[in-house]
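What follows is a single structure, written as structure tokens, with notes after it.
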Amino acid sequence: MLKDITIGQYFPGKSVVHKLDPRFKIIITGIFIAMLFSADSFTALVVGIVFLIVSFLLSKIPFKLMLKSLKPIIPIIIFTSVLNIFFLDGVVLFKLGFLKVTYEGLRTSAFMIIRIIALIMGSSLLTYTTSPITLTDAIERLLSPLKKIKLPVHELAMMMTIALRFIPTLIEETDKIMSAQKARGADMESGSLLQRAKALTPILIPLFVSAFRRAEELAVAMECRCYQGGDGRTRLRQLKSTGGDYFALGLSIVFLDIVLLINCMTG
Amino acid sequence: MAVIKTENLTYTYSIGTPFEKTAVDSVNLDIEEGEFVGIIGHTGSGKSTLIQHLNGLVKPTSGKVIIDGDDIWSKDVKIRDIRFKVGLVFQYPEYQIFEETVYKDIAFGPKNMGLPDDEIDRRIRETAELVGLHKENLDKSPFELSGGQKRRVAIAGVMAMEPKVLILDEPTAGLDPKGRDKILGQIKEYQRQKKSTVLLVSHSMEDVAKFADKILVMNKARVFCYEDTPEVFKRAEELTEIGLAVPQITRVFNRLKQSGIDIRTDVYTTEFAKKTILEYLEKRGESHA
């Protein structure tokens, strides 16, 4: 059923990683990505991976879940590695018809695969350990300097929060409407592509109508509570950074430095 | 022959996860043709899940659903045909309306059945009249109508398929008392005209008491009892114990009995209450005299 889809893959827990200030987590993830992309030797890459493994172990997220996050990018991994293996020039190892496999090709594609996997796992770790709401909260705070150039940061964050909040509601609604139309004999499983697209009308129209209705109700409810945007607004959950947060940030910077150092030494 | 039969029907949500929950637990039912059955129970007692099994929207975890003698999940039964046989009106059905005109929206079901145009036209006009929609409303956009009118359009949309069994999940939720009685009366009228079987899920004991021949009480995913209406309300105490209210009038009679007045307690409609009181007074008058 539609209900089984999880959006925002937060995995509740009480680990050190969960407790980190989300603002720091976002910055650290950025630094981690910098590590991966600045590394130009396997040795340097290993440093980044050690950083990932340490954070992963600290987070106590089941390994199975991490593997699950890789599923959607398998096609990308296969595609890039195939391109790299076959189309890089260099020392030819062996030939398959008109295709030749080179040492450089294998090396680069292995490098790419590791890099992509680490990238996805690292960013999944962020979303696994931070609830979507705190995440948008943190993004709002991090972007708040941009208010000076008249960017509506609070409004954008509020829109994101509302959108996240209503995803499960809309999924449930879709489920209900689908059942109701099926009960009236709607056929969504057979027919040509055009017929199937047409069969979506009885679902999409009620869904739009109800989304608008909900938006209006929410707007009225917010106005009733005198909501008027971000100015002078206080928060229920105050983001407070502690020594631990700075320590984690410092650690990630040290790792980045090591990567850069290795780059200098090998390059 | 029973038009609806279930054998050990069981349905479990999210098997294998911490959220595993049995919503319907070994339900055995026999619903005869032409009956008006009320289904009552708490929120979360499995009523809604149960009725979604009856037209094949939900596949049971184990057990069988037999409609008109056919096991609906056997290979040679087309599930779509079952949905035309067992019409299901969901809660707040007005949220499923999507066509430009009321006429077209009611036509959606019959069209899916592949009926000829003149037959569809006949059915639309007939059901529209039955649920109290004016002719001039048929060409209007359903989104222009009031909430109660929209509800009628949605109910007519299922009725127009003329299903053998009509199931309604809380068709009167959110309507005013007048509109409630009207819609329920129209459903009863539909049942009388088409000789169909009607299953009515409701929270209101009064509604069920007034219209249902038999009552199915669900409690904690199981069938608590399935009996003729008077029999069910005789068990007022047990019903109260599982947290269901009996009709107000039944409560009045139970109190009378408790306070030592020798009066029957299987009273659940106002008319019958009047008759019972008059009878009692007459009897008492006689014994006094």
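Below, chains carry the letters A, B, ... as their sequence lines are ordered, and counting in each starts from 1. Atom set for the values below is all heavy atoms of this structure, side chains included, hydrogens, waters and symmetry mates excluded.
Residue-environment remark: CD (Q238(A)) exceeds the threshold of 12 foreign heavy atoms within 6.0 Å. No more than 12 heavy-atom neighbours from other residues, nucleotides or ligands sit within 6.0 angstrom of CD on E216(A). Other residues, nucleotides and ligands contribute more than 12 heavy atoms inside 6.0 Å of the CD atom of E119(B). More than 12 heavy atoms of other shown residues, nucleotides or ligands fall within 6.0 angstrom of atom CG in L67(A). Annotation for K64(B): atom NZ does not count as buried by contact number, only 12 or fewer foreign heavy atoms lying within 6.0 Å. Within 6.0 Å of CD in E129(B) there are 12 or fewer heavy atoms belonging to other residues, nucleotides or ligands. Other residues, nucleotides and ligands contribute over 12 non-hydrogen atoms within 6.0 Å of the OH atom of Y227(A).
Judged by distance alone, the side chain of R80(B) and the main-chain N or O of G185(A) form a donor-acceptor pair under 3.5 Å.
Distance CD/E99(B) to CD1/I205(A): 7.5 Å, rounded to 0.5 Å. For the atom pair I177(A) CD1 and F98(B) CZ, the distance stands at 11.5 Å (nearest 0.5 Å).
Of the two parts of L88(B), the backbone and the side chain both hold a non-hydrogen atom closer than 4.5 Å to a non-hydrogen atom of chain A. Using a 4.5 Å cut-off between heavy atoms, F143(B) touches chain A through its side chain atoms alone.
Ranked by non-hydrogen atom pairs under 4.5 Å with chain B, the options E173(A), K176(A), R213(A) are led by R213(A).
The shortest distance between side-chain heavy atoms of S210(A) and Y95(B) does not fall below 4.5 Å.
Taking every heavy atom of both residues into account, Q96(B) and A180(A) meet most closely at OE1-CB, 3.2 Å.
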Stepwise side chain to side chain contact (heavy atoms under 4.5 Å, CB included) test for F108(B) and Q181(A): CA-CA 9 Å; F108(B) 183 65; Q181(A) 306 300 25; 4.0 Å; yes
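One finds a salt bridge joining R184(A) and D105(B) here, because a Lys/Arg side-chain nitrogen approaches an Asp/Glu carboxylate oxygen to under 4.0 Å.
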